[in-house]
**Student:** 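This is the structure, below, for whatever I ask next.
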Amino acid sequence: MLDAWLQIFKRDLLIAFRRRSEIIHPLIFFVMVISLFPLAIGDDKVLLQKIAPAIIWVTALLATMLSLDNLFRSDFEDGSLEQMTLLKTPLSLLVTAKITAHWFITGLPLLLITPLLAVLLYVPTEMISMLLLTLLLGTPTLSLIGAVGIALTVGLRQGGVILSLLILPLYIPVLIFATLALQNSAQGFSAEAQLAMMLAILVLAITLSPFAIAAALKVSLN
Amino acid sequence: MLDAWLQIFKRDLLIAFRRRSEIIHPLIFFVMVISLFPLAIGDDKVLLQKIAPAIIWVTALLATMLSLDNLFRSDFEDGSLEQMTLLKTPLSLLVTAKITAHWFITGLPLLLITPLLAVLLYVPTEMISMLLLTLLLGTPTLSLIGAVGIALTVGLRQGGVILSLLILPLYIPVLIFATLALQNSAQGFSAEAQLAMMLAILVLAITLSPFAIAAALKVSLN
Amino acid sequence: MEKQYLFTADLNVKNLACLRNEQVLFSGLNVSLSPENVLFLEGENGSGKTSLLRILCGFRLPDEGDITWGNQSISSVPEYSQNISYVGHKNGIKDELTVEENLNLMRSMATASDIETESVLKQIGLFKQADVLSRQLSAGQKRKLALARLMMTNNSFWILDEPFTSLDKATVVFFESLIKQHIARGGMLILTSHHDIDLSGLSVHHLNLSN
Amino acid sequence: MEKQYLFTADLNVKNLACLRNEQVLFSGLNVSLSPENVLFLEGENGSGKTSLLRILCGFRLPDEGDITWGNQSISSVPEYSQNISYVGHKNGIKDELTVEENLNLMRSMATASDIETESVLKQIGLFKQADVLSRQLSAGQKRKLALARLMMTNNSFWILDEPFTSLDKATVVFFESLIKQHIARGGMLILTSHHDIDLSGLSVHHLNLSN
Amino acid sequence: MNIFGSIKRLYHQFASPPYFYRISGLWLPYIMGLFVLLFAAGLYSGLILAPIDYEQGEAYRIIYVHVPAAWMSMFIYIVMAITGAIGLIWRLKLAEIVMISSAPIGASFTFLALVTGSIWGKPMWNTWWVWDARLTSELLLLFLYFGVMALYNAIEDKRTAARAVAILALVGVVNIPIIHYSVEWWNTLHQGPTITKFDKPSIHLSMLVPLLIMAVAFKLFYIGSLFMRVRTELLAREQKSKWVTQLLETKSN
Ligand code: HEM
Ligand SMILES: Nc1ncnc2c1ncn2[C@@H]1O[C@H](COP(=O)(O)OP(=O)(O)OP(=O)(O)O)[C@@H](O)[C@H]1O
Ligand SMILES: Nc1ncnc2c1ncn2[C@@H]1O[C@H](COP(=O)(O)OP(=O)(O)OP(=O)(O)O)[C@@H](O)[C@H]1O
Ligand SMILES: [Mg+2]
Ligand SMILES: [Mg+2]
């Protein structure tokens, strides 16, 4: 059982490394989109500093959503998904392997590059750790929730099409708590309540979404 | 020749209307992403007003880029692209039909909804027409340039070609001129120079990119 | 002589119906299949063969009727679907993995057979391509790889949808003999094919879905 | 009796070579084909049949050698590729269009044939499905629709890669007779197939790519 | 015979399409009639009998549409989630149809709550729209409804579509507590809980009574329009079944 989990995990990492661009793409997207803002706004230090957490978070959210697009698509199209439902290991467990691999490939690099981008956007250094903390708690949730949307639309040729309509509303609570935490800590208040909330959402997502995803995938196979 | 152009144009519009969501999606994406910012930033009227043009432009740019994703993908995968190269009408002409259809389906709705979003972001009414003008001149360019990138990646899916790395740098000039025009007109200066520049870029894109796109697509068939 | 399969039972389909887009594809279908038997589905294009196979795999819920495996409803026997080797219209191989990696993946996910990967590669004639990415295979080579799934696991119930598309004649002969071995070991097989398949010596039931 | 094709010429392939991944698939290949003739490509899986066909269509450049159409290099005769009807491993139909819309699209993009869409639908047995989205067709129905391309235009050079995959027997017979008509009208055909095709009465040249 | 068995039988009977079709047809006129009565009474007592608010003047009277509509927007989503779960687990066609028929009605109420809210917001906050948590989460609810409808339309096979939508509705139901508690979790412009604090409602009885009448009227309207939608959907889906053909025969005679 755990063996199958590991196999899928390894398989997805291997494929991602084969394609390479799969790993770099969300990262590039993240860096590029964030740097579009100073270009569009002009180099106004005070302004940028004020909106930096918002920009970083919104972009992280978009990067996660977009990188998810291919999470089940290729498995669906080449028939691997059918095969996966015929295995001993329950599908709900296998999808967690895929999502974990996905987070390592996309979420983690985002976290690692964030300090650099934060500095470029004049975020004060003492806020960077809080920024990272919110991202650490938030991006796995985004991956898990996003995967549900992806699973629901995978059978539709135009898959990505209604995706943002399905996913973005579900992302907003995470976004709100994260940016509130950042605002609070910027003003010297405690952000514990928000962080606790984010953790609760993450736990909820980890326990429930695998089942929703597996159910959605099975529906897609119809 | 023109007949084939019209047929492809009609076909793409028809498919888009069939899927319906294809039309609504960039729009929904546009609306949702723009409304993420006030949520993340907090309801600070002055701040929002300042960054509104940047937000709207960056989001329009992303919406265009993302909506392009499927422009040639499905034609490539189902073999329609092979068939299109066997036609009398040159491929470079046929792709303009596809891009025109694409702009009508995605660019135009963005333009139409922008006034509403601008009001929600507290953009002063006298600036809205300038915003629309820049979008009108800019979004077709974005579609044309984006299509080149998409054409390059469609065949080399595996080859580590990274869409946003290819496209976003090419988008930056458009973005800069557009936001400069907006800044100028907000401060009461003339924005003619920037608008002229945007028009020039558009004309250049219309004349050259079809050939680049056709060449890239043919390479992808290898 | 190969070992007999341990996990087998009778399959019974009662009063099965399948709708697509509010159109009845088939209804009141009754079939049963015992170990060492082959069910050959026939019928013109669009008569519902693929749909039936997918229902048997559990991918699709029947609109009416019951399917039992050893007298228990298949939805209550998880081992039922784990015991299926399905090769459908889609190959179910990963383009980005090499031929060998694909084979090993197939094996590692289920009750593995004893046969060595190397020997499989040789038998299906992809030994030279072991390290080639599956994306770079020709249509027939991909299909071979998909069918190799049958050799990697110890499943006693094979469901094959048009298995021999794009295969050259030598490969077809090889897989025909594989099917015969499978049946001899007490296996079961349901398949469709528009081309003639040599199943001589086996007990084959035909079911025609055209009406 | 149908009208003869107007645009035809001899096809000559000289000293052709094709490499894939630094591996020589074939080299020094010489073939020629005249109107009213069929070239039947044979060879085991992965021997390069599809690659050769795609080179002839102009999708891929040969690594060596020349291809001429009536003594002119095919790259200098744009009419050459416009005169090809190609049905490859991919169907080239749009999933989101209905069957009828797909047919009309095929027709409108090239020199149309005289035959009515309705009559084509009836002949290939998709008349009832005329308004069904192609995505909802079965594998064989999709293939029929792809092959219907041959009837919609007036092209004299047909290139068919494994045309009869997934087709039921009745449909195969229909398309065999269509091929015979095509040749009788002065057409040319290159095809591959791992299954036997009844081309009796035609002048068929065989070319085997296995080595 | 045990009580559990008879509940189950009752439930199966009610959930059978022909039975539901007949019963709902009988009830429908009464439901709609009662709705009209209550709606008129609610409007009369709310717009004419209830006193003027000492702070807000006449503008507050929009509360009689705004609050019931906002409540319905959340209530209907919960109904969708519950019927969705039932449909998923017991594969009851009727539950699926109730779920999907609720979506457009719920979306309309959400839209109504948004519009009346922002009409009310103009005199109160001097702006049509603010980006505060409650307003935004209500907007999200509208998007969730749209998502449900879009997904349902995107999948041709309607039973498959219903199952997919049910999963989405269940996942999206987390938004409901967020809307409800948003005013407590974030300090916002929007009115805090005034009515739903049942122990000590901070609203005068003469204002509360019309509000409750309106709330009941809106529920009846929902049930009535739901019945109508479900009935047409049932007919469309079961076109070829025996009871529909019989029905059509008796109608045409
Ligand atoms: C577009 C703007 C608005 C939206 C989207 C909105 C949304 C909502 C929602 C969703 C509820 C139900 C909350 C619940 O029961 O959990 C609600 C209740 C309510 N709203 Fe609004 N609202 C808006 C504007 C306003 C304005 C301007 C006022 C008055 C100043 C107002 C006063 C109330 C009151 C008094 C309640 C009842 C609170 C309770 O539950 O006790 N709303 N609104
Ligand atoms: N996209 C590709 N990239 C690299 N190599 C490829 C690619 N496609 C095919 N090949 C290689 O070229 C060789 C010939 O492939 P081709 O598709 O022409 O074979 P084929 O004769 O059509 O076989 P089949 O009967 O299986 O269709 C194969 O060995 C294959 O590995
Ligand atoms: N995804 C789908 N949605 C709706 N209808 C479908 C879908 N797939 C198949 N159908 C319909 O169901 C019917 C049976 O399809 P199925 O694939 O089972 O046929 P088949 O017997 O396998 O045919 P073939 O020999 O062509 O493979 C066809 O008429 C087809 O139109
Ligand atoms: Mg089939
Ligand atoms: Mg081939």
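Given the structure is predicted, the values throughout are model-derived calculations rather than measurements. A, B, ... follow the sequence lines: proteins, then strands. Residue 1 opens every chain.
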**Student:** Counting only non-hydrogen atoms closer than 4.5 Å, does A/L39 touch chain B with its backbone (N, CA, C, O), its side chain (CB onward), both, or neither?
**Tutor:** both
**Student:** When only pairs under 4.5 Å are counted, which of A/I55, A/L61, A/V31, A/L47 shares the most heavy-atom pairs with chain B?
**Tutor:**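 Between A/I55, A/L61, A/V31, A/L47, the count favours A/L47.
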**Student:** What donor-acceptor contacts under 3.5 angstrom involve side-chain atoms of residues 127-142 of chain B, with partners at least two apart or in another chain?
**Tutor:**
unit_1	atom_1	unit_2	atom_2	d
B/T134	OG1	B/W57	NE1	3.1
B/T134	OG1	B/M130	O	3.4
B/T134	OG1	B/L131	O	2.7
B/T139	OG1	B/W103	NE1	3.1
B/T139	OG1	B/L135	O	2.7
B/T141	OG1	B/L137	O	3.2

**Student:** Which answer fits A/P169, side chain, backbone, both or neither, if we ask what part of it has an atom under 4.5 Å from a heavy atom of chain B?
**Tutor:**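 Interface part for A/P169: both.
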**Student:** Which region of B/L36, side chain (C-beta onward) or backbone (N, CA, C, O), has a non-hydrogen atom less than 4.5 Å from a non-hydrogen atom of chain A, or is it both or neither?
**Tutor:**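 Both backbone and side chain.
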**Student:** By the salt bridge (Lys or Arg N to Asp or Glu O under 4.0 Å) test, which pairs, at least two apart or in different chains, include something from residues 162-181 of chain B?
**Tutor:** none
**Student:** Which atoms of B/L180 come close to chain A, meaning under 4.5 Å heavy atom to heavy atom: side chain ones, backbone ones, both, or neither?
**Tutor:**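 Neither the backbone nor the side chain of B/L180 comes within 4.5 Å of chain A.
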**Student:** To the closest 0.5 Å, what do you measure between CZ (A/F37) and OG1 (B/T179)?
**Tutor:**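 Result: 11.5 Å between the selected atoms.
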**Student:** Looking at chain B, which one of A/L168, A/V58, A/D44 has the largest number of heavy-atom pairs inside 4.5 Å, strictly under?
**Tutor:** A/V58
**Student:** State whether the number of non-hydrogen atoms from other residues, nucleotides or ligands found under 6.0 Å of B/Y122 atom OH is greater than 12.
**Tutor:**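 Counting neighbours around OH of B/Y122, more than 12 heavy atoms of other residues, nucleotides or ligands fall under 6.0 Å, so yes.
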**Student:** Sort by residue number and list every member of residues 181-188 of chain B having a non-hydrogen atom under 4.5 Å from chain A.
**Tutor:**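 The stretch touches chain A at B/Q183.
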**Student:** Counting only non-hydrogen atoms closer than 4.5 Å, can you tell me which residues of residues 189-198 of chain B sit against chain A?
**Tutor:**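 So no residue qualifies.
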**Student:** For B/M32 and A/L165, work out which heavy atoms get closest and say how close.
**Tutor:**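 That would be CE-CA, 3.8 Å.
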**Student:** Heavy-atom distances under 4.5 Å only: say whether A/I172 touches chain B with side chain, backbone, both or neither.
**Tutor:** side chain
**Student:** Check each atom of B/I41 against the heavy atoms of chain A and say whether the ones under 4.5 Å are side chain, backbone, both or neither.
**Tutor:**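 Looking at B/I41, backbone and side chain both touch chain A.
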**Student:** Could you tell me whether B/K50 atom NZ has more than 12 heavy atoms of other residues or ligands within 6.0 Å of it?
**Tutor:** no
